[in-house]
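Below you'll find the structure, written out as structure tokens, and then a few comments.
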Amino acid sequence: MESAQGKNQALRDAGAIVPTSYEAFEAVIKETFDKLVEQGKITPLKEVMPPQIPEDLNSAIKSGKVRAPTHIISTISDDRGEEPCYAGVPMSSIVERGYGVGDVISLLWFKRSLPRYCTHFIEICIMLCADHGPCVSGAHNTIVTARAGKDLVSSLVSGLLTIGPRFGGAIDDAARYFKDAYDRGLTPYEFVEGMKKKGIRVPGIGHRIKRGDNRDKRVELLQRFARTHFPSVKYMEYAIQVETYTLSKANNLVLNVDGAIGSLFLDLLAGSGMFSKQEIDEIVEIGYLNGLFVLARSIGLIGHTFDQKRLKQPLYRHPWEDVLYTK
């Protein structure tokens with residue numbers, strides 16, 4: 001008959017229980033079930049509470065019910081907004097305020113905007129330490145690697161890997177030992193002789209070329225800037241007193257650029273009034289100051305790589321006459 005009524009009637013005629021409407025469907029099911037139980041045709045089963053369907057994670061996070069664990073924690077930059085921020089400072093503000101590389105380092109390394117004389121000092125350190133000629137170990141490694149046909153990153157890394165306690169990596173140690181000695185009130189004599197008894201060379205003291213009558217120009221420039229702009233140079237003055245004592249022993253035991261930067265960075269941190277003693281100790285311990293040398297010297301190492309490739313230099317082989325062959 002092609003109608004709902006006709007189909008329902010046909011089902012009734014065939015013996016099916018048909019509700020009068022869709023709304024009555026549930027009631028008829030219950031009536032039928034109860035009759036079958038009463039007649040003993042079925043045995044009711046114990047009701048079981050269905051398991052709760054887990055809430056969607058994204059919805060739960062959005063509603064604040066749960067917090068998903070994070071795999072990385074970052075406190076120095078944020079790229080989730082319309083523009084990246086360095087330590088909370090938008091990129092547009094950095095450009096509009098005329099910030100330089102030193103200001104960016106202060107935000108990303110120290111998580112605060114340091115005074116201009118501090119960021120200027122950082123920039124001077126980078127300029128003075130960018131390169132020291134092709135003969136030092138880092139530049140030599142980079143040149144050899146570049147001449148072997150390796151790419152920029154490989155050449156750069158080969159030079160950076162030479163940085164350590166014997167090459168460019170003494171800034172942190174110089175700062176650490178000078179700070180400890182000054183804070184404990186040791187005289188230069190007590191400090192140097194105490195290090196000698198321990199079999200430790202004083203970091204930041206000594207140079208292969210420079211002498212007491214031929215000082216490192218970089219050291220002089222840094223000291224002149226600090227005396228002009230820093231509120232206090234107590235650690236630098238202590239390093240100079242140590243140098244005076246070591247020069248009495250040997251003419252090459254001068255304060256080198258590592259010692260100058262290490263002592264002056266202590267004065268920067270302490271004199272700025274923006275760091276607690278605990279923060280200063282942590283900065284020195286983590287290796288911030290060596291990081292400054294790594295950043296600076298990367299500029300020169302990249303330059304040496306480009307220089308060798310531009311000159312199309314062949315594979316380097318060390319000359320026999322420069323090797324002492326012995327049994």
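Numbering of residues begins at 1 and proceeds along the displayed sequence. Quick note: numbers below take in every heavy atom, side chains included, and nothing from hydrogens, waters or symmetry partners.
A salt bridge is defined here as a Lys NZ or Arg NE, NH1 or NH2 lying under 4.0 Å from an Asp or Glu carboxylate O, and Asp213 with Arg211 fails to meet this definition. Between Lys111 and Glu279, none of the side-chain N atoms (NZ, or NE/NH1/NH2) sits under 4.0 Å from a carboxylate O, so this pair counts as no salt bridge. The pair Arg184-Asp180 meets the salt-bridge criterion, with a side-chain N (NZ, NE, NH1 or NH2) lying under 4.0 Å from an Asp/Glu carboxylate O.
Considering only heavy atoms from C-beta on, Glu243 comes within 4.5 Å of Arg215 through its side chain. Side-chain contact between Leu114 and Trp109 is absent, with no heavy-atom pair separated by less than 4.5 Å. At a threshold of 4.5 Å between non-hydrogen side-chain atoms, the residues Ile205 and Leu255 count as touching. Contact annotation: the side chain of Leu221 never approaches that of Ile124 to less than 4.5 Å [non-hydrogen atoms, C-beta and beyond]. Residues Val257 and Leu222 form a side-chain contact, since some pair of their non-hydrogen atoms from C-beta on lies under 4.5 Å apart. Annotation: side chain of Phe265 is not in contact with side chain of Tyr288 (no heavy-atom distance under 4.5 Å). Ser155 is not listed as a side-chain neighbour of Leu301, based on a closest heavy-atom distance of 4.5 Å or more. In this structure the side chain of Ile76 never reaches within 4.5 angstrom of the side chain of Leu107, judged on heavy atoms.
Counting heavy-atom neighbours within 6.0 Å of Lys150 NZ, excluding the residue itself, gives a total of 12 or less. Taking a 6.0 Å sphere around CD of Glu38, one finds it holds 12 or fewer heavy atoms contributed by other residues, nucleotides or ligands. Atom OH of Tyr86 sits in a sparse spot, with 12 or fewer heavy atoms from other residues, nucleotides or ligands closer than 6.0 Å. Atom CZ of Arg201 sits in a sparse spot, with 12 or fewer heavy atoms from other residues, nucleotides or ligands closer than 6.0 Å. Around atom CD of Glu282, no more than 12 heavy atoms belonging to other residues, nucleotides or ligands sit under 6.0 Å away.
Ile105 contributes atom CD1, which lies 5.5 Å from atom CD1 of Ile122 (distance to the nearest 0.5 angstrom). With rounding to the nearest 0.5 angstrom, the CD1 atom of Ile126 is 11.0 Å from the CZ atom of Phe121. Rounded to the nearest 0.5 Å, atoms OG (Ser113) and CE (Met274) are 7.0 Å apart. Atom-to-atom distance recorded for Phe293:CZ and Leu160:CG is 9.5 Å, nearest 0.5 angstrom. Atom CD of Gln9 is separated from atom CG of Asp13 by 4.5 Å, given to the nearest 0.5 angstrom. Rounded to the nearest 0.5 angstrom, Glu193 CD and Tyr245 OH are separated by 3.5 Å.
Ring centroid separation for the pair His140 and Tyr316 comes in under the 6.0 Å cut-off.
Taken together through direct or relayed side-chain contacts under 4.5 Å among Ile, Leu, Val, Met, Phe, Trp and Tyr, Phe167 and Val254 form parts of separate hydrophobic clusters. Placement of Leu186 and Leu253 within a single hydrophobic cluster is found when ILVMFWY residues are connected by side-chain heavy-atom separations under 4.5 Å, directly or transitively. Residues Ile143 and Ile302 do not share a hydrophobic cluster, clusters being chains of Ile/Leu/Val/Met/Phe/Trp/Tyr side chains in contact below 4.5 Å. Hydrophobic clustering keeps Val153 apart from Leu156 (ILVMFWY residues linked when any side-chain heavy atoms are closer than 4.5 Å, directly or through intermediates). Clustering ILVMFWY residues whenever any of their side-chain heavy atoms sit less than 4.5 angstrom apart, transitively, puts Phe306 in a cluster other than the one holding Val144.
Pairing each heavy atom of Asn290 with each of Ala170, the nearest pair is OD1-N, 4.0 Å. Summarising the geometry of Tyr117 relative to Ser272, their closest heavy-atom pair is OH-CA, 3.6 Å, with the distance given to 0.1 Å. Nearest heavy-atom pair, His207 versus Asp216, reported as atom, atom and distance to 0.1 Å: NE2-OD2, 4.0 Å. Closest non-hydrogen pair, Cys85 versus Pro90, comes out as SG-CA, 3.8 Å. The shortest heavy-atom contact between Ile17 and Pro19 is O-CD, 3.9 Å. For Gly271 against Pro231, the heavy-atom pair with the smallest separation is O-CG, 3.7 Å.
Asp267 places a side-chain N or O within 3.5 Å of a backbone atom of Met236 that can act as its donor or acceptor partner. Between the Arg112 side chain and the Ser106 main chain, no donor and acceptor come within less than 3.5 Å of each other. Asn8 contributes no side-chain N or O that, together with a main-chain N or O of Gln5, makes up a donor-acceptor pair within less than 3.5 Å. With Ser158 contributing its side chain and Thr145 its backbone, the two residues share no donor-acceptor pair below 3.5 Å. Checked by atom type and distance alone, the side chain of Thr244 pairs as donor or acceptor with a backbone atom of Ile240 at under 3.5 Å. A distance-only check finds no donor-acceptor pair linking the side chain of Asn252 to the backbone of Gly206 [under 3.5 Å]. Although no hydrogens or angles enter the test, the distance criterion places a donor-acceptor pair under 3.5 Å between the side chain of Glu123 and the main chain of Gly102.
For Lys277, the side chain to side chain contact (heavy atoms under 4.5 Å, CB included) criterion is met by Lys179, Asp281, not counting sequence neighbours.
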Practice task
Assess whether side-chain contact (heavy atoms from CB on, under 4.5 Å) is satisfied between Ile261 and Cys129, documenting all intermediate values.
Solution key: CA-CA 10 Å; Ile261 293 176; Cys129 296; 3.5 Å; yes
Handout entry: Steps toward side-chain contact (heavy atoms from CB on, under 4.5 Å) verdict (His304, Asp131)
Key = CA-CA 9 Å; His304 283 295; Asp131 192 50; 2.9 Å; yes
Problem - Pair Asn141-Leu161, side-chain contact (heavy atoms from CB on, under 4.5 Å): steps then yes or no - result: CA-CA 9 Å; Asn141 264 26; Leu161 289 176; over 6 Å; no
Exercise for the section: Please assess Leu57 against Ile61 for the test side-chain contact (heavy atoms from CB on, under 4.5 Å), listing each intermediate value before the final yes or no. Expected result: CA-CA 6 Å; Leu57 180 60; Ile61 293 174; 3.8 Å; yes
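Other cluster members for Leu36: Phe33, Val37, Ile42, joined by side-chain heavy-atom distances under 4.5 Å among Ile, Leu, Val, Met, Phe, Trp and Tyr.
In this pair, Tyr238 and Phe191 present their aromatic rings tilted. The plane angle is within the 30 to 60° band. Ring-plane geometry between His229 and His120 is classed as perpendicular, the angle between the planes exceeding 60 degrees on a 0 to 90 degree scale with a lower cut at 30.
When each of Glu83, Glu82, Arg97 is checked for a side chain to side chain donor-acceptor pair (under 3.5 Å) with Ser92, only Glu83 meets the rule.
At a cut-off of 3.5 Å, with distance as the only test, no side-chain donor of Tyr182 or Gln241 sits close to an acceptor on the other residue.
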